[in-house]
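What follows is one structure encoded as structure tokens, with my remarks underneath.
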Protein chains: 2
Amino acid sequence: MAQSLIKTYPKKATLFAAGDAAGALPKLLSGAVILYTILPDGRRQVLDLAGPGDFLHFETEGEIDHFAEALTECQVASFQASELLASKDTAAFLIEQMRERLAMERRHITMLSRKSASERLMDFVLLAADCLGEDEGRFDLPLTRQQIADFTGLTLETVSRTFAKWQRDNTLTRLAGQTYQMSGALAA
Amino acid sequence: MAQSLIKTYPKKATLFAAGDAAGALPKLLSGAVILYTILPDGRRQVLDLAGPGDFLHFETEGEIDHFAEALTECQVASFQASELLASKDTAAFLIEQMRERLAMERRHITMLSRKSASERLMDFVLLAADCLGEDEGRFDLPLTRQQIADFTGLTLETVSRTFAKWQRDNTLTRLAGQTYQMSGALAA
DNA sequence: CGCAGGATTGATATTACTCAACCGTGGTGG
DNA sequence: CCACCACGGTTGAGTAATATCAATCCTGCG
């Protein structure tokens with residue numbers, strides 16, 4: 001696939017902001033990225049976590065409508081939309097990527113719509129382990145309680161209390177500062 | 001754009017079900033359709049309402065992952081994915097449609113994540129008026145309270161109470177069975 | 001007329017939010 | 001080097017919003 005260039009960003013770097021002009025489509029090669037919007041009232045809504053292989057937005061023209069921030073050091077390749085569309089294969093690939101993202105957002109909707117606080121957080125932890133996990137259910141969580149709350153639609157206090165409860169009953173163990181280990185049953 | 005055929009469905013018809021084999025991509029020409037999934041526990045999650053111009057799914061192969069039911073009589077045109085991808089213009093059009101759907105789902109996420117019951121229902125009513133509206137804020141609402149609850153992440157009782165409150169304070173007027181009229185300020 | 005399905009309304013329970021105090025850690029400057 | 005500060009995290013008490021449970025009301029239809 002024709003790719004214009006590969007960029008590397010340090011942890012916490014802003015890859016792009018809402019309002020930036022859309023250009024090439026960025027695809028994450030390594031690392032993890034958080035995607036979010038800022039609402040009129042100033043609050044943040046975390047839309048998604050992206051892992052290797054995920055496109056970070058699909059805007060081919062106009063302005064990008066959300067922010068992307070590196071959770072870890074990461075590499076991003078950019079592809080010209082016009083080139084991706086030129087070939088039937090790459091166009092089909094792009095559609096498939098968008099379909100997956102759409103399915104992801106729909107799971108997010110389902111989570112927010114009906115689940116309790118601890119169910120939402122469990123969904124989040126499993127997603128985080130998928131995007132950020134090293135192995136065997138061990139993963140780093142370079143997100144603030146507020147960011148987790150903004151993903152799950154809860155308050156940071158509820159997030160904190162739920163994590164505390166899990167540590168008490170050994171569902172989740174804190175190995176180091178931000179490194180957690182899921183209990184065996186969940187890691188599967 | 002090459003289109004294979006146009007089908008007409010009566011109100012309440014199931015256009016397709018989750019698990020159906022994906023084939024051509026269905027685009028709604030007229031009418032309104034509700035898209036939903038059924039969760040493992042049997043509960044329904046309404047994902048979206050679709051109006052004229054919207055594609056009802058984007059699965060090019062494998063199985064469709066959600067249900068589509070006609071809210072009104074409607075016409076659907078089907079397009080072969082392979083044909084859409086063949087031309088750069090139609091491929092770009094398809095991508096644009098998917099982008100809009102993605103933006104829609106993200107608004108839905110924001111709504112579920114942070115808004116109160118009445119704010120969610122107001123969002124829903126405005127969307128419904130957009131998909132189903134006739135003119136001047138008058139629209140038909142061929143959805144049960146349960147379906148509205150399954151879209152907004154509320155219970156049917158909360159939906160009922162909120163609508164009742166709006167009728168009391170003239171935010172919304174019930175003209176006939178399922179026909180409502182928004183107050184002037186909102187219709188704008 | 002009676003029934004069935006959806007809608008409404010009321011009383012109560014529960015969950016998560018709010019407000020507020022306090023803790024821990026990493027960084028900075030005296 | 002140590003004190004202090006800033007920022008994120010934790011914990012507690014009380015509250016508010018919405019869910020739950022349950023009774024009753026329509027409305028269309030056989």
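The chains referred to below are lettered A, B, ... by the order of the sequence lines, with proteins before strands, and numbering in each begins at 1. Predicted model only: the values in this text are computed from it and were never measured.
What separates NZ of B/K165 from P of C/dT8 is a distance of 14 Å, to the nearest Å. In this structure, B/L121 atom CG and D/dA17 atom P are separated by 16 Å, rounded to whole Å. One interatomic measurement links the two molecules: CG of B/L143 to P of C/dA7, which rounds to 10 Å at whole-angstrom precision. Following rounding to the nearest Å, A/F163 (CZ) and D/dT10 (P) show an atom-to-atom distance of 9 Å. In this entry the distance linking CD of A/Q178 with P of C/dT25 reads 13 Å, nearest Å. The separation between A/D150 atom CG and D/dG9 atom C1' is 15 Å, rounded to whole Å. Nucleotide C/dA7 holds its C1' atom 13 Å from the CG atom of B/L141, rounded to whole Å. To the nearest angstrom, C1' of D/dG28 lies 12 Å from NZ of B/K12.
Ion pairing between A/R101 and A/D48 holds under the 4.0 Å rule for side-chain N and carboxylate O.
For D/dT18, neither phosphate oxygen OP1 nor OP2 lies less than 4.0 angstrom from any side-chain nitrogen or oxygen of A/R114. In this structure, B/T158 does not reach the D/dT18 phosphate: none of its side-chain N or O atoms is under 4.0 Å from OP1 or OP2. The phosphate of C/dT8 (OP1 or OP2) has no side-chain N or O of B/R161 nearer than 4.0 angstrom.
Among the nucleotides D/dT10, D/dT20, C/dA16, the one closest to the side chain of A/A117 is C/dA16.
Judged by distance alone, with hydrogens and angles left aside, B/E157 brings a side-chain donor or acceptor within reach of the base of D/dC21, the pair sitting under 3.5 Å.
Residue B/L154 is classed as a sugar-phosphate contact, given heavy-atom separations below 4.0 Å to backbone atoms only. At a threshold of 4.0 angstrom between heavy atoms, the contacts of A/R174 are confined to the sugar-phosphate backbone, with no base atom among them. Among the heavy atoms of the strands lying under 4.0 Å from B/T144 are primed sugar atoms or P, OP1, OP2 only; no base atom is included.
Considering OG of A/S118 and CG of A/D123, their distance stands at 10.0 Å, rounded to 0.5 Å. B/D150 CG to B/T144 OG1: the interatomic distance, rounded to the nearest 0.5 Å, is 7.5 Å.
Looking at B/R120, B/M122, B/E119 one by one, the single match for side-chain contact (heavy atoms from CB on, under 4.5 Å) with B/M111 turns out to be B/R120.
Between A/F67 and A/Y36, the two ring planes are parallel [angle under 30°; tilted spans 30° to 60°].
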